[in-house]
Amino acid sequence: AQKITQTQPGMFVQEKEAVTLDCTYDTSDPSYGLFWYKQPSSGEMIFLIYQGSYDQQNATEGRYSLNFQKARKSANLVISASQLGDSAMYFCAMRRSGNTPLVFGKGTRLSVIA
Amino acid sequence: NAGVTQTPKFQVLKTGQSMTLQCAQDMNHNSMYWYRQDPGMGLRLIYYSASEGTTDKGEVPNGYNVSRLNKREFSLRLESAAPSQTSVYFCASKGGAGNQPQHFGDGTRLSIL
């Protein structure tokens with residue numbers, strides 16, 4: 001069975017600083033994908049970044065990067081130059097190969113302080 | 001650019017009442033999903049439909065039924081609502097290869113009294 005663990009229920013970061021949100025996963029499948037979503041207080045789920053298990057390089061999307069350590073089964077999200085608008089819940093999720101549904105972690109609430 | 005549309009956005013029910021949550025996507029996606037979100041629990045899968053004509057149970061299917069009406073629409077039915085089903089319900093869809101993300105609707109906030 002797949003499992004996603006996010007050990008930080010809440011995090012604080014100063015504006016303009018970088019922050020790392022932790023995510024570890026457990027799967028026996030050799031092929032899988034890891035996703036991060038942002039959920040602001042308005043409630044919608046916003047896709048941020050994707051990492052495939054066979055990708056050689058860490059994924060990056062603007063200020064978001066994914067620190068993928070396959071041997072440790074971790075897929076931490078790094079947000080650089082935090083902004084007040086980054087305050088939100090962040091969810092890590094995993095999918096086995098194909099069209100299987102995403103399995104989500106319990107999330108980390110990030111608060112950016114001015 | 002509608003994406004995934006859920007109706008209604010809010011609903012209050014009494015215990016024992018029935019209700020159908022509607023979901024439609026206009027992205028020609030094959031796969032559709034229903035999740036519930038409870039505080040501190042993340043999103044948990046209720047049911048999903050990998051393609052038109054198929055449905056499968058997820059992690060928390062008890063008390064729910066689904067219908068994949070056509071490629072666009074995937075509804076979730078509560079036959080006899082219980083207070084434990086008070087939650088925010090999200091519908092999602094996905095198309096293309098395995099590296100494509102799921103696209104979510106804005107959610108339905110459901111309260112069962």
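These numbers come from a predicted model, not from an experiment. Just so we're on the same page: letters track the sequence lines, and every chain starts at 1.
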(message) Please check this pair: side chain of Arg95(A) against backbone of Gln100(B), looking for a donor-acceptor N/O pair closer than 3.5 Å.
(response) yes
(message) Starting from Tyr89(B) and following side-chain heavy-atom contacts under 4.5 Å between hydrophobic residues (I, L, V, M, F, W, Y), which residues can be reached?
(response) Leu13(B), Met19(B), Leu21(B), Met32(B), Trp34(B), Ile46(B), Tyr47(B), Val60(B), Tyr64(B), Val66(B), Phe74(B), Leu76(B), Leu78(B), Leu110(B), Ile112(B)
(message) Is there a path of hydrophobic side-chain contacts, each under 4.5 Å between heavy atoms of I/L/V/M/F/W/Y residues, joining Val19(A) to Leu84(A)?
(response) yes
(message) Taking side chain as everything from C-beta outward and backbone as N, CA, C, O, which of these in Gln39(A) sits under 4.5 Å from a heavy atom of chain B? Side chain, backbone, both or neither.
(response) side chain
(request) Could I get the full list of side-chain hydrogen bond (donor to acceptor under 3.5 Å, both in side chains) partners for Ser49(B), not counting sequence neighbours? (result) Arg68(B)
(message) Counting only heavy atoms not in Arg72(B) (residues, nucleotides, ligands), do more than 12 fall under 6.0 Å from its CZ?
(response) yes
(request) Sort by residue number and list every member of residues 62-82 of chain A having a non-hydrogen atom under 4.5 Å from chain B. (result) none
(message) Counting heavy-atom pairs closer than 4.5 Å to chain B, which one of Ala93(A), Gly33(A), Pro101(A), Gly52(A) comes out on top?
(response) Pro101(A)
(message) Within a 6.0 Å radius of atom CZ on Arg109(A), are there more than 12 heavy atoms belonging to other residues, nucleotides or ligands?
(response) no
(message) Taking transitive links into account, so neighbours of neighbours count too, which hydrophobic residues share a cluster with Tyr37(A) at under 4.5 Å side-chain distance?
(response) Phe35(A), Met45(A), Phe47(A), Tyr50(A), Met89(A), Phe91(A), Leu102(A), Phe104(A), Tyr33(B), Tyr35(B), Leu43(B), Leu45(B), Tyr48(B), Val88(B), Phe90(B), Phe104(B)
(request) Using the rule that two of Ile, Leu, Val, Met, Phe, Trp, Tyr join whenever any of their side-chain heavy atoms come within less than 4.5 Å, decide whether Tyr54(A) and Leu34(A) are in one cluster. (result) no
(message) Nearest 0.5 Å, please: how far is OG1 in Thr100(A) from CG in Asp56(B)?
(response) 11.5 Å
